[in-house]
Undergrad: 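The structure is given below, and queries will be raised subsequently.
Scope of the values below: all heavy atoms of this structure, side chains included, with no hydrogens, waters or symmetry mates. For clarity, every value in this text was computed on a predicted model and none was experimentally measured. So that the names make sense, note that chain A is the first sequence line, chain B the second, and so on, each numbered from 1.
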Protein chains: 2
Amino acid sequence: MKLQALAAGQTDRIGNVNIDFLRHISKLATGCENEIGMPIRLETRRIPKHHDIFAEGDTLRDVMFLRDGWAYRYRLLGDGRRHIVNFLIPGDFVGPYFPTAAHFCGTLTDVTLCQAPRSDFSDANRNYPALASALEAIMATEYRLLSERLVSLGRRNARERMAHLLVELYERMRRVGLITDNSYEFPVTQEILADTLGLSVVHVNRTLRSLREDGFATVGFGRVCIRDLDGLRDVAGADEPTQAHWSLGTSAPVPFAAAS
Amino acid sequence: MKLQALAAGQTDRIGNVNIDFLRHISKLATGCENEIGMPIRLETRRIPKHHDIFAEGDTLRDVMFLRDGWAYRYRLLGDGRRHIVNFLIPGDFVGPYFPTAAHFCGTLTDVTLCQAPRSDFSDANRNYPALASALEAIMATEYRLLSERLVSLGRRNARERMAHLLVELYERMRRVGLITDNSYEFPVTQEILADTLGLSVVHVNRTLRSLREDGFATVGFGRVCIRDLDGLRDVAGADEPTQAHWSLGTSAPVPFAAAS
DNA sequence: CGACATCTTGAGCTGGCTCAAGCGTAGTGG
DNA sequence: CCACTACGCTTGAGCCAGCTCAAGATGTCG
């Protein structure tokens, strides 16, 4: 589950920021010489699986990126109900976006984080607009992801939701080079899936069975195997105005703090 | 529906950014001299009700704030299903976060926007970290709002969702001084409410009736009248770890681009 | 190899949906 | 000034997607 893909030559200039900023950030994270000469030293930290990285309400000195492993953002209701806001895969920004975390963040696997004090980023942002750009793009991207998830929960049925999530994760994993043989690691129990999609565990199980029997994808034993990507996209919705949303915004350069 | 409250003296320094940045931004928007001496000239634009401000996929030169009126972000599925991602009230950042919009934005009432070219913000961001801070805080705040909505759709039932939305909007309206007599303007049809909460119009109607009959709130004739705020909060969920979430993050200063 | 978590399947229930019809109100045009 | 239309609100009636409860089966880890 390492970010092997990131080792390969990165020719994109971060000045023309698109989602490839992720790779640059991750390159930073992996310690390779980075292209924007950003003077931030990232510390590495390991956290075992099934632990919280931070809790709702925590005020954190450091800003974190996920170098490898899976994590997830979640929130709890008073009566124990849980909702999972998003999954985090290698290369993702862990956060928090705000110094005070608005949600919990837990690990699904053993995890390696790369982190640096928030103040370092503040300083660097001022002198390296490309970095500020990248961070804004990260936020905008996750915002888009959330609104997509929101649409799912609001207006898609169980089958569509599941298909949508599987495709979304496929695209994200592909982007960081973690797809092999049309399949990807997926250390997510059906219970967690249920809390992500707003379903019951039982119904998640039946939904997965149905997708499997129809030849779209198999989910289990810690892996997702996509058998019919286009079909799965169709199930996910006759929506998605274009591919643009699957690709997480390749089209969109130049956020606020445009690089010079 | 003007931002009267914003006219009053603003003593907060934006250097210690919290959600009060909204007021500063709005102050900019209203043309008053601003405190950070930011050299951005905002143009005013009016848009009639029931029009789109921008469409999904549009690439926009300008960044916009809502000076008065109501608007909403929404997305469409291929088969006509619609989901409303968020409402925008006076003082809100309209966006888009990314130059290329990831969703539609429509007006519910006649609306006044204040806007400036994105490039102006890019430049200003570099020289006025306080502004960059504020914009990041805006994003983080809306992120929090979305994740809250996500929890609603995933794990709350119709009654809880409705109560939660009404309280959320109450808090947001209060923040910009638009509450009078425990009530606020609410130019939202039951159909739009349905598309926001992931319910059918019929069920929205029944849910509102139930909340009205139980003495919590009345919704109709373009207004929400809160009759029992605490009760409504209880209905919304024995969740909300603290008040923090209702208050949209007053606690949280110093995002990435901390002001000096 | 025992204990515990996870997955699976059956059976019956229900919250919220769909369909359908009636009503009030605001425009709109003749 | 009134008829007409359109839109939004309301309520009834029946239905179904997804839920809950229950009970095995299958891992998996110390």
Undergrad: Among residues at least two apart in sequence or on other chains, which ones pass ring pair (Phe, Tyr, Trp, His ring centres under 6.0 Å) with A:Tyr143?
TA: B:Tyr97
Undergrad: Closest nucleotide of DNA chain D for B:Leu208 versus for A:Leu199: which of these residues is on the 5' side?
TA: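 The residue mapped nearer the 5' terminus is B:Leu208.
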Undergrad: In this structure, how many angstroms lie between the C1' atom of C:dG16 and the CG atom of B:Leu193, rounded?
TA: 15 Å
Undergrad: Would you please name every residue forming a salt bridge (Lys or Arg N to Asp or Glu O under 4.0 Å) with B:Arg159, sequence neighbours left out?
TA: B:Asp214
Undergrad: Can you tell me which nucleotide in C:dG16, D:dT10, C:dC7 comes closest to the side chain of A:Asn205?
TA: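 Selected nucleotide (nearest to the side chain): C:dC7.
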Undergrad: With sequence neighbours left out, what residues match B:Asp181 under salt bridge (Lys or Arg N to Asp or Glu O under 4.0 Å)?
TA: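 With neighbours one apart ignored, the set is empty.
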Undergrad: Among D:dT10, C:dC7, D:dG27, find the nucleotide with the atom closest to the side chain of B:Arg212.
TA: D:dT10
Undergrad: My understanding is that only residues two or more places apart in sequence, or in another chain, count here; which of them pass ring pair (Phe, Tyr, Trp, His ring centres under 6.0 Å) with A:Phe54?
TA: A:His103
Undergrad: If you assign each of B:Thr189 and A:Gly198 to its closest nucleotide in DNA chain D, which residue comes earlier from the 5' end?
TA: B:Thr189
Undergrad: Please enumerate all protein N or O atoms sitting under 3.5 Å from an N or O of nucleotides 18-24 of chain C, with distances to 0.1 Å.
TA:
none

Undergrad: What's the angle between the local helix axes at either end of the helix from C:dC1-D:dG30 to C:dG30-D:dC1, using five pairs per end and rounding to 10 degrees?
TA: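 For the helix from C:dC1-D:dG30 to C:dG30-D:dC1, the axes at opposite ends meet at about 50°.
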Undergrad: What is the distance, rounded to the nearest whole Å, between atom CG of A:Asp195 and atom P of C:dT6?
TA: 12 Å
Undergrad: Would you kindly give the CD-to-P distance between A:Glu191 and C:dC4, to the nearest whole Å?
TA: 17 Å
Undergrad: Could you check whether A:Thr218 and A:Arg212, counting side-chain N and O atoms only, form a donor-acceptor pair closer than 3.5 Å?
TA: no
Undergrad: Please state how far atom CD1 in A:Ile192 lies from atom P in C:dA5, giving the value in whole angstrom units.
TA: 14 Å
Undergrad: Can you tell me how far C1' of C:dG15 sits from CE of B:Met162, to the nearest Å?
TA: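 Going from B:Met162 (CE) to C:dG15 (C1'), I get 15 Å.
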Undergrad: Output yes when A:Arg156 and A:Glu148 qualify as a salt bridge under the 4.0 Å nitrogen-oxygen rule, no when they do not.
TA: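 The answer is yes: the pair qualifies as a salt bridge.
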Undergrad: So, using salt bridge (Lys or Arg N to Asp or Glu O under 4.0 Å) as the criterion, who are the partners of B:Arg161 when residues are at least two apart?
TA: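 Per chain and number, B:Arg161 pairs via salt bridge (Lys or Arg N to Asp or Glu O under 4.0 Å) with no residue.
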Undergrad: Listed by chain and number, what are the side-chain contact (heavy atoms from CB on, under 4.5 Å) partners of B:Arg206, not counting sequence neighbours?
TA: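 Partners of B:Arg206 by the side-chain contact (heavy atoms from CB on, under 4.5 Å) criterion, ordered by chain and then number, come out as B:Val202, B:Arg209.
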Undergrad: Not counting sequence neighbours, which residues clear ring pair (Phe, Tyr, Trp, His ring centres under 6.0 Å) with A:Tyr170? List them please.
TA: none
